[in-house]
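What follows is a set of notes on a single structure, which appears directly below.
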Number of protein chains: 2
Amino acid sequence: MPTPHYGQPRYRAIADELRKRIESGAIPPGALLPAESVLTSEFRASRGTIRQAIAALREARFVTTEHGRGTYVNPVRREDCEMEIRQRQVSADPELAALFAVEAGTVLIEQERIVREGGAVGVVIRSYRLFRE
Amino acid sequence: MPTPHYGQPRYRAIADELRKRIESGAIPPGALLPAESVLTSEFRASRGTIRQAIAALREARFVTTEHGRGTYVNPVRREDCEMEIRQRQVSADPELAALFAVEAGTVLIEQERIVREGGAVGVVIRSYRLFRE
DNA sequence: AGAAATTTGTCCGTATGTATC
DNA sequence: AGATACATACGGACAAATTTC
């Protein structure tokens, strides 16, 4: 039977299932994912489809694959990580003015990103660009 | 002939060739890449291999693909972009102190990234974290 | 509005190359 | 050297979105 994929594609459903196992701790960080051949049997999917699912997990940084070895579950991956962004105009301080080669006090665009990790503020990131039209 | 891939894989060689055409302007930003069927003929490669090449370009943000439409060349993509990183300790200004819930003047780790785009400074990014340990 | 053609998306099966154990 | 596991590549089939007529 060739291929009906109503709703969600097969490879994505498989990726989701594997992701659940990772997040639940069923496959802990550092552990190897079952081999492609094993997953092929378990999910009754072709190798290409299994590889697509693993590629999706890899892209999302859940796992890392090593040639001839296997696919490992990556450590951590913060769950409770929110980010706020704010943008405003500020005057260039002397250092920024020098970097951008403008006069001190020139208007810059500042974006501030506040990364919260489990409630507390983890990192504050401020970026500056020249304001041009 | 099934598949020898000595040295560079086929899909990567194709991706490189397409990238050259994009960087040279032969396929300008906003333009459509030749359809997969056309590339299949030109490179005498299977569709899967062509799609792998395009996927590589997509991952590198050179192109964007739309279902039923085609694959477009993305605008810009700065070539000459260098970055410097510097780290130092600074005193928390009132706003940062409030965010981190510490007293003003508390020591923070500041990392400054200076992104140059073609000589001039394009963006300055400053990140702040608490200094612990 | 509707049908056909075009183009990308998904999936299958198979074969062979390459790295690691 | 052999077994295992991932990487590359081919070819075919059908699905879904878009464009064209």
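Reckoned from all heavy atoms, side chains included, excluding hydrogens, waters and symmetry mates. By convention in this document, chain letters (A, B, ...) are assigned in the order of the sequence lines, proteins followed by strands, and residues within each chain are numbered from 1. Keep in mind that what you see is a predicted model, and the values were worked out from it rather than measured.
A:T64 contributes atom OG1, which lies 3.5 Å from atom CG of A:N74 (distance to the nearest 0.5 angstrom). Atoms CZ and CG, from A:F100 and A:L108 in turn, are 5.5 Å apart once rounded to the nearest 0.5 Å. Atom OG1 of A:T106 sits about 8.0 Å away from atom CG of A:L130, to the nearest 0.5 Å. Here the CD-OG1 distance, from A:E66 to A:T71, works out to 9.0 Å after rounding to the nearest 0.5 Å. Atoms CD1 and CZ, on B:I14 and B:R51 in that order, are 13.5 Å from each other to the nearest 0.5 Å.
Looking at residues 63-71 of chain A, you'll see A:T65, A:E66, A:H67, A:G68, A:R69, A:G70, A:T71 sit with a heavy atom under 4.0 Å from some atom of DNA chain D. In the region residues 42-52 of chain B, proximity to DNA chain C at under 4.0 angstrom, judged on heavy atoms, holds for B:R47, B:R51. For the segment residues 25-32 of chain B, the set of residues with a heavy atom within less than 4.0 Å of an atom of DNA chain D is empty.
Among A:R21, A:K20, A:R19, the single residue meeting the salt bridge (Lys or Arg N to Asp or Glu O under 4.0 Å) criterion with A:E23 is A:R19. Among B:E112, B:E95, B:E110, the single residue meeting the salt bridge (Lys or Arg N to Asp or Glu O under 4.0 Å) criterion with A:R126 is B:E95.
With a 4.5 Å cut-off on side-chain heavy atoms, B:L57 and B:E59 do not count as touching.
Taking atom CD on B:E36 and atom P on D:dC10, their separation rounds to 14 Å, with Å as the unit. Between the CD1 atom of A:I14 and the C1' atom of C:dC12 there is a distance of 12 Å, given to the nearest Å. Distance, A:L57 CG to D:dC6 C1': 15 Å, rounded to whole Å. Spacing between atom CD1 of A:I54 and atom P of D:dT8 amounts to 14 Å, rounded to whole angstrom units.
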Could you check B:T49 against B:S46 for side-chain hydrogen bond (donor to acceptor under 3.5 Å, both in side chains), going step by step and ending with a plain yes or no?
CA-CA 5 Å; B:T49 301; B:S46 75; 3.2 Å; yes

Given side-chain hydrogen bond (donor to acceptor under 3.5 Å, both in side chains), test A:T40 with A:R47 step by step and report yes or no.
CA-CA 6 Å; A:T40 297; A:R47 186 144 178 253; 5.9 Å; no

